[in-house]
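This report concerns only the one structure given below.
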Amino acid sequence: MDVRQHALGVLFVLCGELDFDSVVQLHEAADGELNGSAGTLPVVVDCAALTFCDSSGISALLRLYQQLTAEQRTLRLAAVPASVSRLFSLTGLDQLFSVHKDAAEALAAGSDGRGVVSAVQQNEERSA
């Protein structure tokens with residue numbers, strides 16, 4: 001996990017697996033970001049290098065979403081792998097999370113949600 005500050009938001013870059021053993025890194029990064037700033041910038045979670053995500057990982061993302069929402073900040077997900085996108089679709093989380101094709105698009109998306117690609121649309125594009 002890598003955390004990068006950008007003018008347009010904070011980027012959390014996930015690598016490898018997001019599971020029971022690794023979610024602590026996401027929790028620590030989130031706590032550091034939320035406790036370290038009172039900013040309003042969005043948090044983007046770049047999933048391009050994510051190879052696996054289990055229910056613990058989904059719960060960690062949901063927790064981050066709830067924490068940011070409580071601070072009136074947004075969570076945007078980028079480059080979500082098809083397997084995780086499918087989980088979002090099955091659980092209805094595709095209606096909750098703002099999902100973008102890549103980190104650049106997620107960082108550039110305005111507060112109006114432009115550039116948002118739903119997880120369902122991503123699946124359809126990958127299947128085509």
Side-chain angles (χ1 to χ4, degrees):
M1 166 130 211
D2 186 25
V3 179
R4 302 175 190 162
Q5 300 289 330
H6 287 268
L8 298 172
V10 180
L11 183 63
F12 291 1
V13 180
L14 302 180
C15 295
E17 299 179 352
L18 185 60
D19 58 13
F20 181 78
D21 293 327
S22 64
V23 293
V24 68
Q25 294 173 356
L26 180 58
H27 290 309
E28 288 172 355
D31 291 344
E33 170 58 29
L34 295 172
N35 294 331
S37 77
T40 59
L41 292 175
V43 171
V44 173
V45 178
D46 185 352
C47 302
L50 187 66
T51 58
F52 176 78
C53 183
D54 69 3
S55 61
S56 299
I58 300 290
S59 293
L61 291 171
L62 204 54
R63 176 183 173 215
L64 178 57
Y65 171 84
Q66 291 169 335
Q67 289 173 311
L68 289 167
T69 300
E71 293 192 7
Q72 297 182 346
R73 293 176 70 182
T74 59
L75 173 65
R76 300 176 186 158
L77 304 180
V80 176
S83 60
V84 177
S85 183
R86 179 163 162 69
L87 285 174
F88 289 171
S89 180
L90 291 171
T91 59
L93 291 174
D94 60 333
Q95 303 299 311
L96 183 67
F97 291 134
S98 174
V99 180
H100 301 262
K101 69 177 180 176
D102 58 34
E105 179 184 280
L107 285 167
S111 60
D112 64 354
R114 270 193 211 155
V116 174
V117 178
S118 76
V120 172
Q121 288 172 319
Q122 278 187 341
N123 270 342
E124 290 172 357
E125 291 172 3
R126 288 183 183 139
S127 298

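Sorted pairs that involve residues 12-30 and meet salt bridge (charged side-chain N to carboxylate O under 4.0 Å, His left out), not counting sequence neighbours, are lacking altogether. Among residue pairs with one or both ends in residues 50-64, those qualifying as salt bridge (charged side-chain N to carboxylate O under 4.0 Å, His left out) are Asp31-Arg63; sequence neighbours excluded.
Partners of Ala103 according to the side-chain contact (heavy atoms from CB on, under 4.5 Å) rule, which considers only residues two or more places apart in sequence or in another chain, are Leu11, Asp46, Ala78. In this structure Leu96 satisfies the side-chain contact (heavy atoms from CB on, under 4.5 Å) test together with Leu62, Tyr65, Leu93, sequence neighbours excluded. A search for side chain to side chain donor-acceptor pair (under 3.5 Å) contacts involving Thr74 returns nothing, not counting sequence neighbours. With sequence neighbours left out, Asp2 forms a salt bridge (charged side-chain N to carboxylate O under 4.0 Å, His left out) with Arg4.
A continuous path of ILVMFWY side-chain contacts below 4.5 Å connects Val84 to Val43, so both sit in one hydrophobic cluster. The hydrophobic clustering, which links ILVMFWY residues whose side-chain heavy atoms are closer than 4.5 Å, places Val3 and Leu75 together. Linking Ile, Leu, Val, Met, Phe, Trp and Tyr whenever their side-chain heavy atoms come within less than 4.5 Å puts Leu77 and Met1 in one cluster. Residues Val23 and Phe97 are members of one and the same hydrophobic cluster, defined by side-chain heavy-atom contacts under 4.5 angstrom among Ile, Leu, Val, Met, Phe, Trp and Tyr. Phe12 and Ile58 fall within the same hydrophobic cluster, where Ile, Leu, Val, Met, Phe, Trp and Tyr residues are linked whenever their side-chain heavy atoms come under 4.5 Å apart, directly or through other members.
Across Pro81 and Leu50, no two heavy atoms sit closer than the pair CG-O, 3.4 Å. For Arg76 against Ala109, the heavy-atom pair with the smallest separation is NH1-O, 2.8 Å. Across all non-hydrogen atoms, the minimal contact from Leu26 to Ala60 is CD2-CB, 3.7 Å. Nearest heavy-atom pair across Leu64 and Ala30 is CD1-CB, 3.5 Å.
Once rounded to the nearest 0.5 Å, the distance linking CG of Leu41 with NE2 of His6 reads 11.0 Å. Between Leu68 atom CG and Thr40 atom OG1 the span is 11.5 Å, to the nearest 0.5 Å. The line from CZ of Phe52 to OG of Ser22 is 9.5 Å long, rounded to the nearest 0.5 Å. A distance of 5.0 Å separates CG in Leu14 from SG in Cys47, rounded to the nearest 0.5 Å.
A distance-only check finds a donor-acceptor pair linking the side chain of Ser59 to the backbone of Ser55 [under 3.5 Å].
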